[in-house]
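Read the structure below first, then the notes.
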Amino acid sequence: MARKRNNRRITRGLRFRLTASYALFFALLLIAVAGLLRQGLSSLLDNQMHDVLDQEWAAMKGYLRIEKDGPHWYYDEHDPDETYIVERLRRVYLLTNADGKVIERSTAYQNIGIDPPADIQQNVRVALASFAPGAAGKTYWTERRDAQGAPYLIRAGIVFDEGHHAPYYVAIGIALTNNANILREFTWFYLGVIPASLLLGLLFGWFMAGRALEPVLAVAQAAQRISGSNLSLRIPTRQANDELDYLILTFNRMIERLEASFQQMKQFSGDVSHELRTPITAIRGQLEVALFTAKTTDQYRDAMVNALQDIDRLSQIVRALLLLSQAESGQLTLQKSRLNLSEVVQDLVDQFQIPAEAEGVRLRAEVPRECPAEVDRMQIERMITNLLSNAVKFTPEGGEVRVKLHSLGDSAEIVVEDTGRGIPREYLPHIFDRFYRVPGSGTAPGPDQGLGLGLSFVAWIVKAHQGVIDVESTPGKGTRFLIRLPVGDVRARNLEMAAQPIMNEL
Ligand code: ADP
């Protein structure tokens, strides 16, 4: 129950964070869009105002004539349209001579402030300098505010009197109050829309995040049902082929691996107790029999010798198990040294000659003179010993065991092959498992029987040296183990080895 709540809290937390980041992004987007829209609208309105004022300027030039006695506006006073246009043109209007002396001005223009004569003189000078017949002269655009803060767009430039003798400075303007109002209204409208859309977005985000996380919750709940006792349970995929299905698949694969090692552990502890029980039962039996039936010292001695043999086997098992668990938990580290593998192999083959002869098995070695390698001597000896003792043990009289060594530069190849009874194909995958003995392998249970641990050691030693092991076997014909071990940078070592005698002489 508590776990379920915990799960909920996690997905809630995730849902909240997803929604919050989505809402934050959405809000920032809305604000950015608002800024862009406002900017766009403002420049659109601005352009429009410039166009309008350009038209007004053209109209002004059509109506205004500056004659010797001063400026005159020529229009039909009886035409209400023309009267209206001229009145509009003169609403924000200034006319000065080239020195900046005011000839005519409207009240509105007075309100926004008459340009200082020095500015006018300067503007007229620049406009005259850039003036070309037939082309529009230089125009000046400014934006100003009147005393009440109302904005105006002003267009100024020069016009000539009739006969083109003297330049005059004219400025006409247009109120931008409307534009400002439009922009303000737009801004308020948009600001009003933002919270509403944000709220909608939040609700939508919350809903979508909830929907997206629903399967996660389902997976978590399914995962909770899996425990040590029902590792066979799997979470069904949703066939959506999405990230979540991938997660489920990965999770299922993990459970599969867990199940396999769990099974292996169970099997192992079963095997260990079985292996230990057999000699213990035997010891107990022998001692009980001796206690109740033995009469002579020799009978007692026999019972004790037998018991001791079983105890030896027990300690052998315990020692081997301890070593294996140390090896597998990484406590046993390799003690690598530089050596000549040929010598090691040859020595071991020599040691095995006597037991091989006793079994009636021929033992031959094919090793090169030199095979330099950087390996753990003790472990490599243990590995070859295990392989050799198996080969001799499982080869009938008259058979042959061959050990071959090849130096391949940066690796060495060791082959142990026999003409023994071989291992049926179906048992091959298990021979490296702990306590595994091929069924019906013949060796009667008892002190002579193998522990089924020899090849587990071989596999670990090969793995610890980053090598590979391969086995081929034909029942009735023989078995061949092939091991390839990396041997370190032997070229450097060869040089060193070659240099050694010289060094010694020195
Ligand atoms: P054991 O201590 O029983 O030899 P191993 O782990 O060394 O245990 O070997 C596991 C099993 O593999 C052996 O019991 C045997 O059945 C089989 N086996 C190993 N080597 C050979 C071989 N050269 N020929 C036939 N069978 C073999």
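As the structure lists them, so they are numbered: ligands from 1, and atoms in each ligand from 1. Treat the numbers as computed from the prediction; the structure is a model and nothing was measured.
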Answer side chain, backbone, both or neither: which part of [X] comes under 4.0 Å from ligand 1, heavy atoms only.
{"X": "Ile423", "answer": "side chain"}
{"X": "Asp418", "answer": "side chain"}
{"X": "Leu455", "answer": "both"}
{"X": "Tyr436", "answer": "backbone"}

(request) Could you pull out, from Ser473, Gly452, Gly454, the option with a heavy atom nearest to atom 2 (O) of ligand 1? (result) Gly452
(message) Below 3.5 Å, N or O to N or O, backbone or side chain included: is there any such pair between Phe481 and ligand 1?
(response) no
(request) Ignoring angles and geometry beyond distance, decide whether Asn390 reaches within less than 3.5 Å of ligand 1 through its nitrogen or oxygen atoms. (result) yes
(message) With heavy-atom distances below 4.0 Å as the criterion, list the atoms of ligand 1 near Arg437.
(response) 3 (O), 14 (O)
(request) List every atom of ligand 1 that sits less than 4.0 Å from any heavy atom of Leu453, numbering the atoms from 1 in the order shown and giving each element. (result) 6 (O), 8 (O)
(message) Does the structure place the NZ or CZ of Arg382 under 6.0 Å from the centre of the six-membered ring of Phe457, at an angle of no more than 45° from the ring's axis?
(response) yes
Could you check if a side-chain atom of [X] sits within less than 4.5 angstrom of a side-chain atom of [Y], using non-hydrogen atoms only?
{"X": "Leu213", "Y": "Leu217", "result": "no"}
{"X": "His465", "Y": "Lys336", "result": "yes"}
{"X": "Leu485", "Y": "Ile483", "result": "yes"}

(message) Can you tell me how the ring of His50 sits relative to the ring of Trp141, calling it parallel under 30°, perpendicular over 60° and tilted otherwise?
(response) tilted
(message) Over 60° means perpendicular and under 30° means parallel, so tell me whether Tyr190 and Phe186 are parallel, tilted or perpendicular.
(response) tilted
(request) Mind listing the closest non-hydrogen atom pair of Ile431 and Leu455 along with its distance? (result) O-CB, 3.4 Å
